[in-house]
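Scope of the values below: all heavy atoms of this structure, side chains included, with no hydrogens, waters or symmetry mates. Just so it is clear, the structure is predicted and the values come from calculations on it, not from any experiment.
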Amino acid sequence: MDVVIVESPSKAKTINKYLGKNYTVLASYGHVRDLPSKDGSVLPDEDFSMTWDVDAQSQKRLNDITRAVKGADKLVLATDPDREGEAISWHVLEVLKKKGVLKDLPVERVVFNAITKKSILDAMEKPRELDQELIDAYLARRALDYLVGFTLSPVLWRKLPGARSAGRVQSVALRLICQRELEIEKFLSQEYWTIAATASTGKEQTFPTRLVSVDGTKLTKFDIPNEALATELVGRIAASSFSVSSVDSKPTRRNPYAPFTTSTIQQESSRKLGFSASRTMQVAQRLYEGIEIDGETTGLITYMRTDGVQIAPEAIAQARNVITSEFGEPYLPSSARVYQTKAKNAQEAHEAIRPTDLSRLPSDVRGLLEKDQFRLYELVWKRTIASQMESARLERTTINIDSEDRKLGLRASGSVLTFDGFLKLYQEDKDEPDDGEEGGRLPKVAAGDRLGVRDLKPEQHFTEPPPRFTEASLVKRMEELGIGRPSTYASTLSVLRDRGYVNMDGKRFLPDDKGRLVTAFLESYFTQYVEYGFTADLEEKLDKVSAGELNWRDVLREFWTAFSATVDGTTELRITHVLDRLNEVLGPHVFPDEGDGKDPRKCPSCDEGELSLKVGRFGAFVGCSNYPKCKFTRQLNSKNGPEQVEDRLLGKYPETDQDIWLKSGRFGPYIQVGEQEEDSKKKPKRAGIPKGWVADEMDLPKALKLLSLPREVGLHPEDGKKITAGIGRFGPFVLHDKIYANMEHADEVFEVGINRAVDLIAEKKANPGRRQAAKSLKDLGDHPEDGKPIQVLDGRFGPYVKHGKINATLPADTPPDTLSVERALELLDAKAKKMGKKPAAKKKTTAKKKTAAKKKTTAKKKTAAKKKTTAKKKTAAKKKTTAKKKTTAKAKTAAATPSSESE
């Protein structure tokens with residue numbers, strides 16, 4: 001029995017069917033080991049030795065693999081054909097070696113580019129050894145990313161409160177977005193004019209023209225700067241006669257585009273389908289792993305992480321057959337098109353992304369695929385077929401027209417498609433529209449023909465700033481600069497959104513102020529490490545490692561020597577120094593000149609102080625230099641909004657093989673395993689999307705991370721009891737012996753190590769009681785009506801403003817540091833009305849009325865009581881007098897009558 005290792009369970013199931021009963025195919029579920037999220041995982045002083053950690057879930061997979069390997073005849077490592085796939089195989093092999101289960105067991109490495117029966121069986125016939133150079137390239141990249149992240153991020157936390165993290169590629173990508181925004185803000189629009197006219201032949205055939213020369217000089221863009229000159233030229237054109245000076249017609253060809261690479265499929269699916277880079281890769285992964293067709297699971301496209309544009313000869317032959325049958329002989333070129341890979345590292349450039357069977361038309365699988373899967377498959381199929389089709393043929397014509405005195409020149413340009421070729425099937429979209437002035441078909445004219453010119457139209461224009469990046473244009477720019485590698489672009493862009501460094505304005509990236517602060521900090525103190533040339537040069541070195549031209553430890557050593565020295569240089573850097581520098585760099589953004597002659601940094605409240613950047617617990621804000629005398633603050637124009645998502649299938653839950661769904665509920669998007677069963681009170685396993693995560697970016701690995709919570713961090717060194725990390729109602733936390741300690745960001749749940757967790761627990765223990773007293777964040781002074789204090793506090797559920805017994809939660813877009821008294825009063829009054837209570841001003845009036853009424857009631861009661869007492873006294877006295885009279889009368893009677901004894 002041979003044991004075969006792949007990444008995913010769906011691949012394992014499919015490949016096991018192809019190979020038969022003599023094979024056991026097991027899934028590693030991706031990487032089985034990683035560097036622990038704590039200091040010391042990479043040790044530069046020990047020749048960059050690395051400590052690898054296996055989580056609980058991966059340990060289960062490795063145990064299954066170990067048991068299977070013990071009785072196997074051979075081990076076949078069949079993970080993906082790229083660098084990451086090679087690394088996964090290496091990790092599995094290293095674990096098995098340490099367990100001592102391999103002994104003399106033969107180990108083979110096989111790779112395949114598509115999950116089809118033929119591809120798998122062919123690959124099994126061509127085994128090789130693990131590629132150590134690719135493994136070295138992986139180790140170098142992983143160590144670099146760790147060293148930059150775990151060295152630079154703490155510097156940010158200490159010197160720039162509110163910052164989240166920095167990364168080798170993400171910080172450079174963020175700089176691109178921020179620099180583009182700065183270009184837009186600094187852009188000064190410039191006015192210019194053009195003059196269009198309609199030319200007509202003697203046969204009354206008309207066509208559009210434009211003014212291109214004046215007084216024998218060719219016009220440039222800004223040669224007509226105002227309306228006055230444009231009007232003058234219109235008058236000159238109207239008073240002139242024109243004739244054709246030359247006609248230039250020439251045929252041209254447009255060749256088809258190369259098949260998709262990872263980068264180009266991300267760009268085109270963004271333009272045509274509206275997919276994010278991560279969504280594109282998620283859907284492509286599903287198409288690669290395949291669907292069931294005629295009782296057999298078959299992959300629909302080849303491997304989607306590639307820099308290569310070449311396709312296999314058999315696929316080219318198949319494409320040519322499809323072109324002939326579907327479009328006819330005229331659309332088939334005389335010879336096959338061969339595309340050459342321009343990737344800097346051909347060893348990592350596999351075959352282009354294409355359908356595994358080009359005769360499988362999109363219409364054949366429409367009913368078998370989900371909507372997004374079908375749209376992406378259709379895009380891949382069209383691009384691949386079009387790449388082998390005949391070129392489009394056009395005829396471009398230019399007509400030059402001069403005035404009789406040769407002082408004014410007009411021009412008409414037209415382009416006619418004489419044969420559509422590949423354009424019949426596919427045309428690549430563009431991120432921005434062209435400024436092209438080409439028209440359509442032009443009438444047949446000859447040099448010397450007289451033309452009429454009418455409908456003169458002067459048009460005013462203004463130059464526009466460069467557009468913000470879309471995902472497609474950013475990916476294209478990163479690839480052009482050599483920043484990162486296309487296979488990592490999707491995760492890089494997701495991190496920028498998850499960290500809150502950027503927002504999306506429609507489909508375009510808008511840097512958040514938090515992102516601009518981080519970029520300005522890194523540009524000021526780590527200049528070299530966010531430069532495009534340095535990052536691209538480092539990527540080339542890493543490519544040379546995978547090509548066997550450089551030693552990976554030498555690359556790390558060279559980088560670390562300079563980088564660690566730069567980090568050490570920031571030790572004495574004070575936050576005040578950082579703020580001074582950021583005020584200088586971000587001044588045009590934070591304090592824009594409105595052009596009214598006023599100082600943009602003058603405090604509008606006290607009219608004396610100077611505005612500058614400040615840093616508080618909740619990030620940066622603008623404050624007055626006269627604080628605490630002047631308490632003016634304002635925020636830095638950040639904006640965020642909730643996401644709305646449609647139900648989406650993410651993949652299978654490994655433990656039960658149930659579907660994992662992304663859904664939306666009353667409280668926002670969440671992850672759910674399976675569906676609610678009828679007549680069952682048991683709810684499906686669910687996990688909410690934590691604050692700071694983007695629902696649209698959710699994929700299977702992220703969902704599995706959330707569903708794996710709570711996570712065991714380790715044992716407390718003092719009592720040996722377990723410490724766990726999770727996300728609850730009040731956010732991320734660590735738990736030890738019934739003591740919960742909160743963390744600021746959800747990502748920390750998956751990264752927090754034992755040292756950090758113990759510190760958090762200790763801090764929590766130092767504040768006994770079920771609830772800690774709310775921390776005062778800001779004192780707004782006394783209420784204008786009743787004189788009681790108004791405070792901004794940090795409570796269990798977040799910041800709020802307090803006055804007396806009324807607590808009003810601050811809106812999410814209102815940082816506590818920027819809250820004004822006026823806004824606080826609005827929030828308090830609104831909360832008072834909601835509670836059925838009256839605002840402070842009305843309360844005062846009501847209290848007076850109640851006091852007066854109470855006094856009146858008391859007076860009435862006293863008068864009534866007095867009257868009642870007097871009446872009682874009179875009655876008692878009257879009764880006493882009557883009784884006394886009766887007693888006296890009775891005594892008199894007794895004295896006049898003899899007693900019985902005397903008788």
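Summarising the geometry, atom NZ belonging to K514 is positioned 9.5 Å from atom CG belonging to N503; distances are rounded to the nearest 0.5 Å. The line from CD of Q266 to CG of L493 is 8.0 Å long, rounded to the nearest 0.5 Å.
E428 meets the side chain to side chain donor-acceptor pair (under 3.5 Å) test with R383; sequence neighbours excluded. With sequence neighbours left out, the side-chain contact (heavy atoms from CB on, under 4.5 Å) criterion links D223 to L219, T220.
Taking 4.0 Å as the cut-off between side-chain N and carboxylate O, D747 and R499 count as a salt-bridged pair. By the 4.0 Å N-to-carboxylate-O rule, K541 lies close enough to E558 to be salt-bridged with it. A salt bridge between E584 and R581 is present, with a side-chain N of the basic residue lying under 4.0 Å from a carboxylate O of the acidic one. At a threshold of 4.0 Å, the pair R485-D82 does not count as salt-bridged, since none of the basic side-chain nitrogens sits closer than that to a carboxylate oxygen. With salt bridges taken as basic N to acidic carboxylate O contacts below 4.0 Å, none links E471 and R279. Between D372 and R648, no side-chain nitrogen of the basic residue sits less than 4.0 Å from a carboxylate oxygen of the acidic one, so the salt-bridge criterion is not met. A salt bridge links R168 with E539: the closest approach of a Lys/Arg side-chain nitrogen to an acidic carboxylate oxygen falls below 4.0 angstrom.
Residues E697 and S276 have side chains in contact (heavy-atom distance under 4.5 Å, counting atoms from C-beta outward). Using a 4.5 Å heavy-atom threshold, the side chains of L156 and F526 count as separate. Taking the side chain as every heavy atom from C-beta outward, V590 and S612 never approach each other to under 4.5 Å.
Residue pairs meeting the side chain to side chain donor-acceptor pair (under 3.5 Å) criterion with at least one partner in residues 525-537, sequence neighbours excluded, are Q179-Y532.
By the 6.0 Å and 45° rule, K221 stacks over the aromatic ring of Y192.
S189 contributes no side-chain N or O that, together with a main-chain N or O of E464, makes up a donor-acceptor pair within less than 3.5 Å.
Under the 30°/60° scheme for interplanar angles, the aromatic rings of F563 and F559 are found to lie parallel. In this pair, F750 and W693 present their aromatic rings tilted. The plane angle is within the 30 to 60° band.
In summary, the side chains of Q267 and S263 do present a donor paired with an acceptor at a separation below 3.5 Å, with no hydrogens or angles considered. With 3.5 Å as the limit, one finds no donor-acceptor pair spanning the side chains of E268 and Y257.
Other residues, nucleotides and ligands place more than 12 heavy atoms under 6.0 Å from the CZ atom of F187.
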